[in-house]
Amino acid sequence: GAPLLLGTLGEILTEKSGSLNMGVEGVMGISAVAALAVGFHTGSIALTLLAAVLAGMLCCLVYSFMTVTLKANQLITGLSISILGGGVCNMMGAFINNSAKAAKTTARLNSSVMRLFSGLDQGLAIKSEESIPFACYVDKLLSGINFFVIISVILAIGMWFFFNKTRPGLHLRAVGENPRAADAMGISITAYRYLASVIGGAMMGLAGLFVCMNVGGKWEYNLIGGQGWLAVALVIFALWRPLRAVWGSILFGGLMIMYMRVTVFPIPTEIYKILPYVVTLIVLVVLSIRQRRENQPPASLGNAYFREER
């Protein structure tokens with residue numbers, strides 16, 4: 001669930017400013033292939049992380065320029081980035097693979113970079129011997145906890161604190177709820193929307209790198225596989241709250257792999273794969289019935305701000 005959580009946190013930060021970025025899938029794809037290219041050629045952990053983060057930030061900077069500066073439609077811009085990103089990911093991934101084959105090697109992240117994906121059980125050298133039952137449980141628990149899991153949980157807690165306990169966080173929420181009132185208070189709508197989108201893009205970039213590592217540190221066709229769209233759905237499921245996104249990502253992650261663990265013969269696996277979206281639809285129906293303001297999206301979400309109309 002870590003790539004889902006990272007992508008969701010990036011989208012929550014973006015949407016809290018009033019920007020609706022539907023391009024999470026494309027941003028994750030471009031970041032994944034950029035990190036793969038850098039990691040394959042350099043073998044540097046720092047440069048691989050930097051490539052993923054910068055690629056995500058660059059994609060969202062383009063989105064911000066289109067929607068904040070040029071006032072383009074946010075939905076169409078996000079969908080365009082998603083479609084373009086998927087194509088770029090497949091094209092560049094195939095190019096990297098073919099270049100590696102021509103050099104008689106395999107295009108994948110090396111072991112030093114993949115160390116980020118290893119669980120804490122390897123880092124702590126815990127041996128799960130049958131004679132020590134407790135060690136077995138600890139080993140299984142820590143095997144699923146790696147660098148990205150820790151970072152994503154820390155980011156979720158930090159984002160909750162930022163939104164609720166800091167002045168810039170309250171200003172960001174004001175920009176998303178009522179940009180005209182925020183502008184009248186002297187808050188820069190442009191600066192907050194740019195920063196929220198670009199920083200959110202960095203988180204989406206890390207999510208893309210994690211997905212690449214999750215398939216063995218190599219490129220596969222349709223690498224992201226809809227996880228960016230699941231992150232957008234999870235934002236709604238979590239009600240735009242970072243801490244709810246933590247357990248929501250665990251639930252959605254479990255639903256994503258349910259078809260590999262639990263199967264009923266007459267039910268096709270495709271039914272299991274759509275369960276996260278079904279859950280999101282149910283949440284939307286419940287929210288529309290209850291009509292509680294704290295469970296609604298930011299009031300200006302998806303709307304461009306024209307200062308001259310203030």
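- Considering L13, L5, I12 as possible partners of M203, the one that fulfils the side chain to side chain contact (heavy atoms under 4.5 Å, CB included) test is L13.
- Here the straight-line distance linking atom OG1 of T8 with atom CE of M159 works out to 10.0 Å at 0.5 Å rounding.
- Note that CZ of F306 and CZ of R180 are 9.5 Å apart. Values are rounded to the nearest 0.5 Å.
- Between the side chain of E25 and the backbone N or O of G226, at least one donor-acceptor pair lies under 3.5 Å.
- Taking all atoms of both residues into account, the shortest heavy-atom contact from A107 to N97 is CB-OD1, 3.6 Å.
- Using a 4.5 Å cut-off on side-chain heavy atoms (C-beta onward), M204 and C60 make contact.
- For S82 (side chain) and G78 (main-chain N/O), no donor-acceptor pair under 3.5 Å exists by modelled atom type.
- At a threshold of 4.5 Å between non-hydrogen side-chain atoms, the residues F163 and P242 count as touching.
- In terms of hydrophobic clustering, with Ile, Leu, Val, Met, Phe, Trp and Tyr side chains grouped at heavy-atom distances under 4.5 Å, V211 and I30 are assigned to different clusters.
- Cluster membership for I224 and V88, using ILVMFWY side-chain heavy atoms within less than 4.5 angstrom, is not shared.
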**Asked** V33 and L223: side-chain contact (heavy atoms from CB on, under 4.5 Å), yes or no, with the steps?
**Response** CA-CA 9 Å; V33 75; L223 177 63; over 6 Å; no
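- Taken together through direct or relayed side-chain contacts under 4.5 Å among Ile, Leu, Val, Met, Phe, Trp and Tyr, V279 and L239 form part of one hydrophobic cluster.
- Under the 4.5 Å side-chain heavy-atom criterion for grouping Ile, Leu, Val, Met, Phe, Trp and Tyr, F210 is connected to L9 within one hydrophobic cluster.
- Across Q74 and A304, no two heavy atoms sit closer than the pair NE2-N, 4.1 Å.
- In this structure, CG on L84 lies 12.0 Å from OG1 on T77, to the nearest 0.5 angstrom.
- By the 4.5 Å heavy-atom criterion applied to side chains, D183 and Y305 are counted as neighbours.
- No continuous path of ILVMFWY side-chain contacts below 4.5 Å connects M92 to V53, so the two sit in separate hydrophobic clusters.
- Side-chain atoms of S31 come within 3.5 Å of backbone atoms of G56 as a donor-acceptor pair (strictly under, hydrogens ignored).
- Between E11 and the choices N21, L234, V27, I236, the side chain to side chain contact (heavy atoms under 4.5 Å, CB included) rule is met once, by N21.
- Using a distance-only test at 3.5 Å, with no hydrogens or angles considered, no donor-acceptor pair links the side chain of K104 to the main chain of K101.
- Pairing each heavy atom of G208 with each of A32, the nearest pair is O-CB, 3.3 Å.
- Between the CG atom in L301 and the CD atom in E177 there is a gap of 9.5 Å [rounded to 0.5 Å].
- V113 has its side chain within reach of M213: a pair of non-hydrogen atoms, C-beta onward, lies under 4.5 Å apart.
- For the residue pair Y194 and T69, a side-chain donor N or O sits within less than 3.5 Å of a side-chain acceptor on the partner.
- Ring planes of F237 and W247: perpendicular class, angle over 60° (limits at 30 and 60°).
- A 4.5 Å side-chain heavy-atom check between Y63 and S197 finds at least one atom pair inside the cut-off.
- Between the S17 side chain and the Y192 main chain, no donor and acceptor come within less than 3.5 Å of each other.
- Considering all non-hydrogen atoms of both residues, V149 and A2 come closest at CG2-CB, 3.9 Å.
- A heavy-atom distance below 4.5 Å is found between the side chains of T166 and F161.
- Judged by distance alone, with hydrogens and angles left aside, the side-chain atoms of W160 form no donor-acceptor pair with the main-chain N or O of K165 at under 3.5 Å.
- Atom NZ of residue K218 and atom CD1 of residue I96 lie 14.0 Å apart, to the nearest 0.5 angstrom.
- A52 approaches L209 most closely through the heavy-atom pair CB-CB, 3.9 Å.
- Within 6.0 Å of atom NZ in K71, more than 12 heavy atoms from other residues, nucleotides or ligands are found, so the atom counts as buried in its surroundings.
- Side-chain atoms of S249 come within 3.5 Å of backbone atoms of A245 as a donor-acceptor pair (strictly under, hydrogens ignored).
- Counting only heavy atoms from C-beta outward, the side chains of F40 and R108 never approach each other to under 4.5 Å.
- In this structure, M22 CE and T14 OG1 are separated by 12.5 Å, a value rounded to the nearest 0.5 Å.
- Using a 4.5 Å cut-off on side-chain heavy atoms (C-beta onward), L70 and F65 make contact.
- In terms of modelled atom types and a separation under 3.5 Å, the side chain of S300 and the main chain of N303 share no donor-acceptor contact.
- Of all heavy-atom pairs spanning A34 and A51, the tightest one is O-CB, 4.0 Å.
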